[in-house]
Amino acid sequence: MDADINFYFDPVCPFAWMTSKWVRQVQAQRDYTVDWRFISLRLINAEVDYAALFPPEYEAGHMAGLRLLRVAARARAEHGRDSMAGLYAAFGAHIFDVAPDPVNQRTEGEVRERRGTREFVEPILARAGLPLELAEALEDETWDAEIRAETDEALALTGRDVGTPIIHFQPPAGVAFFGPVISRLPAEDDAGVLWDHVVGLARFPGFAELKRSLREQPQLAALGVDANTVGQQEDWRAGSRRQKY
C-alpha cells in the first residue's frame, strides 16, 4: 500500500493513540493517506526484566497489546489493510476514551490484563464492523512472526532505543522517527500547522532528534485527565516510566 505515512502502533500505548488522533485530524483536512502498521511493546521488551525496569502492571498490559495485535493481523489478512483504520480507532476509543467504571472498580493490573480477553475485544470488533470470530486470534501465536517482522521493520528505520508510535514519512525513501509524542490534542485550526512543522523537520535528511523525557499524562478519559486539565508531569525514558536506571 502506497501511503503518505506509515504509522506503527501498539493499541495499548496512550501516546500512540493521542498522536493517531492528531494524524486523523490532519487526514480530515487534507488529501492524506495512512497505512496503519504494527509494533509490539511486548516484543520490543522481550529480553528485559519487567520486574526491575517497569511498574508492576506493565507486563500484563504489553502482553494484552500483543494479543490485540494478533487480532489486528488476522483482520488485515482476511479483510484487507483498509480495515486497520477503523479497527485501531475502535481499539483506542474503547481503551482510552472511556472513563474508568466507578462501580466495577479494578486494579490497574486487572484493567490492563483484561484488554487481552475475548470479553473485551468482541465489542471492539463489533464497533469496527468486523466478525467477532476474529477474537479467536487472541491466543494464536502463529501471528507473532508477522507482528515481530513489522516491529523489526519499524525499529530498523529508527534504531532500537525508542517507543511508540513510529512514523515513517513519505515511505519508502523518507525518514522515520519515534513520535511525535504529544499529551494534548491540538485544536482543529492548529492541527495542520503543527503537523507542517513536524514534516518540515522530517524532510531535512540531517535531522536526527528533538527530545525531552518529561511528559504530561495524556488528556485521555481512561487516565482521568480531561481536555481542560493538564496531566501530571512524569519523567519517561525510551517510552516508558522505568523504575530503575
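Reckoned from all heavy atoms, side chains included, excluding hydrogens, waters and symmetry mates.
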For [X] and [Y], indicate whether the former's side chain and the latter's backbone hold a donor-acceptor pair under 3.5 Å.
X    : Y    : value
R74  : E133 : yes
R70  : L138 : yes
T151 : S40  : yes
N45  : L41  : yes
R24  : A85  : yes
E150 : F38  : yes
S83  : G80  : yes
H168 : A154 : no
Q25  : P186 : yes

For a quick test of reading the model, state the closest non-hydrogen atom pair linking [X] to [Y] and the distance between them.
X    : Y    : value
A176 : L157 : CB-CB, 3.6 Å
L132 : A126 : CD2-N, 3.9 Å
W143 : A77  : CH2-CB, 3.8 Å
A64  : G116 : CB-N, 3.5 Å
F9   : L69  : O-CD2, 3.9 Å
V121 : A135 : CG1-CB, 3.5 Å

### Query
What about V98 and L220, same hydrophobic cluster or not, with Ile/Leu/Val/Met/Phe/Trp/Tyr joined at side-chain heavy-atom distances under 4.5 Å?
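Different hydrophobic clusters.
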
Below 4.5 Å, heavy atoms only, C-beta onward: do [X] and [Y] meet side chain to side chain?
X    : Y    : answer
I39  : I44  : yes
I166 : N6   : no
I167 : P180 : yes
T19  : F7   : yes
R115 : V111 : yes
L66  : M63  : yes
V162 : F177 : no
Y8   : T164 : no

### Task
Show your reasoning for whether side chain to side chain contact (heavy atoms under 4.5 Å, CB included) applies to I5 and W36.
CA-CA 9 Å; I5 69 168; W36 303 96; over 6 Å; no

For residues 198-210, dump all side-chain donor-acceptor pairs below 3.5 Å to protein atoms at least two apart in sequence or in another chain.
none

Gap separating the [atom1] atom of [X] from the [atom2] atom of [Y], nearest 0.5 angstrom:
X    : Y    : atom1 : atom2 : answer
F91  : C13  : CZ    : SG    : 14.0 Å
K21  : I182 : NZ    : CD1   : 9.5 Å
L130 : R76  : CG    : CZ    : 13.5 Å
E57  : E113 : CD    : CD    : 12.0 Å
L43  : D152 : CG    : CG    : 8.5 Å
L155 : D161 : CG    : CG    : 10.5 Å

Any ion pair linking [Y] and [X] (charged N to carboxylate O, less than 4.0 Å)?
X    : Y    : answer
R30  : D196 : yes
E110 : R114 : no
R81  : D35  : yes
R42  : E59  : yes

### Query
Is the closest side-chain donor-acceptor distance between T33 and D4 under 3.5 Å?
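A donor-acceptor contact under 3.5 Å links the two side chains.
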
### Query
Stepwise, does the side chain to side chain contact (heavy atoms under 4.5 Å, CB included) test hold for Q217 with Q233?
CA-CA 6 Å; Q217 286 183 308; Q233 197 170 78; over 6 Å; no

### Query
Are W195 and F169 close enough that their ring centres sit under 6.0 Å apart?
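Ring centres of F169 and W195 closer than 6.0 Å.
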
#### Entry: Audit row: H62, Y50, ring pair (Phe, Tyr, Trp, His ring centres under 6.0 Å) steps and yes/no
CA-CA 10 Å; H62 288 177; Y50 269 84; 5.6 Å; yes

### Message
Would you say CG of D189 has more than 12 non-hydrogen atoms from neighbouring residues, nucleotides or ligands within 6.0 angstrom?
### Response
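Not buried by this count: 12 neighbours or fewer within 6.0 Å.
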
### Task
Carefully, step by step, assess Y88 and W17 under the rule ring pair (Phe, Tyr, Trp, His ring centres under 6.0 Å).
CA-CA 9 Å; Y88 183 29; W17 174 239; 5.5 Å; yes

